[in-house]
Amino acid sequence: MNAAYIYLQLYRLFDKSTPIQADCGRLCGKACCKGDDCGMFLFPGERQVYSLLNPDWIKIESTDFSYTYNNKTYYTPIAMCTSECDRYQRPLACRIFPLTPYTDKDGRLEVIIDPRAKGICPLAKGLYLEDFDRSFVNNVTKAFRLLMKNKHFAAFMTEYSAYLDEFRRFFNN
Ligand code: SF4
Ligand code: SF4
């Protein structure tokens, strides 16, 4: 089974499932889709989705954010939308925003409010996790429990969680 197929299946969990049972974009004018330096990390293997679909509204670049798996260093790609996206093709990070996966020091998966979202998203600023739509939180958990079964993905999560810790310290959460 290839990674693109897995991500395309996971995307479907979020076709109708949203952070709250209302159009939160009305609260903020879709702040998470604006901003000149707006971009979303693609999770390990997710780039294959865009090699397959090749949409004209996305630009993918490499970042300095790296992790090691099996003695090999991987650089995480970032996706930037150059125009309005096709909702059914948007990356996983956009679908789960403003939540994100996090692993603790024992490698246990949690779903948290993304500390990077605190500066732009009224939901991230004003809500606790329990205030989000329960089925949305469950879908995020389900998606990342499945991805975490892959050792390469788990290696990414260790580094990604350390990266999130820097933001958590800053926002004191
Ligand atoms: S910034 Fe937050 S509230 Fe605004 S559209 Fe994005 S997820 Fe919804
Ligand atoms: S890909 Fe779509 S959902 Fe994601 S930031 Fe761009 S416009 Fe927003």
Side-chain angles (χ1 to χ4, degrees), residues 3-65 75-102 110-144 147 153 156-157 160 163-164 166-168 170-173:
Y5 176 81
I6 291 168
Y7 279 103
L8 287 167
Q9 293 299 313
L10 294 178
Y11 287 178
R12 295 174 64 186
L13 288 172
F14 302 98
D15 283 348
K16 296 208 169 79
S17 177
T18 52
I20 56 171
Q21 286 193 348
D23 181 0
C24 60
R26 288 175 170 230
L27 291 173
C28 64
K30 295 190 179 170
C32 51
C33 295
K34 294 190 174 143
D36 296 336
D37 56 354
C38 144
M40 297 281 179
F41 280 157
L42 294 179
F43 291 104
E46 192 177 11
R47 191 179 192 138
Q48 289 179 28
V49 171
Y50 297 97
S51 302
L52 189 71
L53 302 177
N54 202 19
D56 60 6
W57 48 265
I58 209 166
K59 190 171 72 174
I60 298 174
E61 289 180 0
S62 195
T63 68
D64 290 339
F65 177 76
Y75 289 90
T76 299
I78 193 167
M80 281 164 294
C81 38
T82 51
S83 56
E84 196 173 328
C85 70
D86 176 337
R87 178 177 167 76
Y88 293 98
Q89 295 184 351
R90 70 202 199 283
L92 187 57
C94 297
R95 292 167 192 256
I96 65 169
F97 190 88
L99 304 185
T100 197
Y102 177 86
E110 289 174 48
V111 169
I112 61 168
I113 297 176
D114 193 329
R116 295 167 299 173
K118 302 265 177 185
I120 52 164
C121 173
L123 304 183
K125 253 185 279 191
L127 300 187
Y128 294 106
L129 190 62
E130 52 270 30
D131 300 323
F132 284 80
D133 183 77
R134 177 56 29 207
S135 66
F136 177 71
V137 178
N138 287 346
N139 282 344
V140 179
T141 307
K142 198 189 291 180
F144 286 93
L147 289 166
F153 193 91
F156 162 82
M157 278 306 305
Y160 179 69
Y163 164 77
L164 291 179
E166 298 296 317
F167 291 88
R168 292 182 99 178
F170 182 75
F171 286 104
N172 204 21
N173 82 337

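Nothing here was measured: the structure is a model prediction, and the numbers come from that model. We count ligands from 1, going down the list as the structure has it; atoms in each ligand are counted the same way. One is the number of the first residue; the rest follow in order along the sequence.
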What is the number of protein N/O/S atoms located under 2.8 Å from atom 6 (Fe) of ligand 1? 1
Measuring from atom 6 (Fe) of ligand 2, which candidate in C81, S83, P55, C85 has the nearest non-hydrogen atom? C81
I'd like to check which ligand 1 atoms, numbered from 1 as shown, lie under 4.0 Å from a non-hydrogen atom of P122. 3 (S)
Is it true that atom CD of Q9 has more than 12 heavy atoms of other residues, nucleotides or ligands lying nearer than 6.0 Å? yes
Within 4.0 Å of some non-hydrogen atom of R90, the atoms of ligand 2 are 3 (S)
In this structure, are over 12 heavy atoms from other groups packed under 6.0 Å from Y75 atom OH? no
What is the nearest protein non-hydrogen atom to atom 4 (Fe) of ligand 2, stated with its residue, atom name and distance? C94 SG, 2.4 Å
Does NZ belonging to K30 count more than 12 external heavy atoms closer than 6.0 Å? no
May I ask you to check whether F170 and F167 place their ring centres under 6.0 Å from each other? no
Quick check on E84: does its CD atom have over 12 non-hydrogen neighbours (other residues, nucleotides or ligands) under 6.0 Å away? no
Does the structure place the NZ or CZ of R90 under 6.0 Å from the centre of the six-membered ring of F97, at an angle of no more than 45° from the ring's axis? no
Are any of the side-chain nitrogens in D15 or R87 under 4.0 Å away from the carboxylate oxygens of its partner? no
Distance in Å, R116 CZ paired with E166 CD, rounded so as to fall on 0.5 Å steps: 12.5 Å
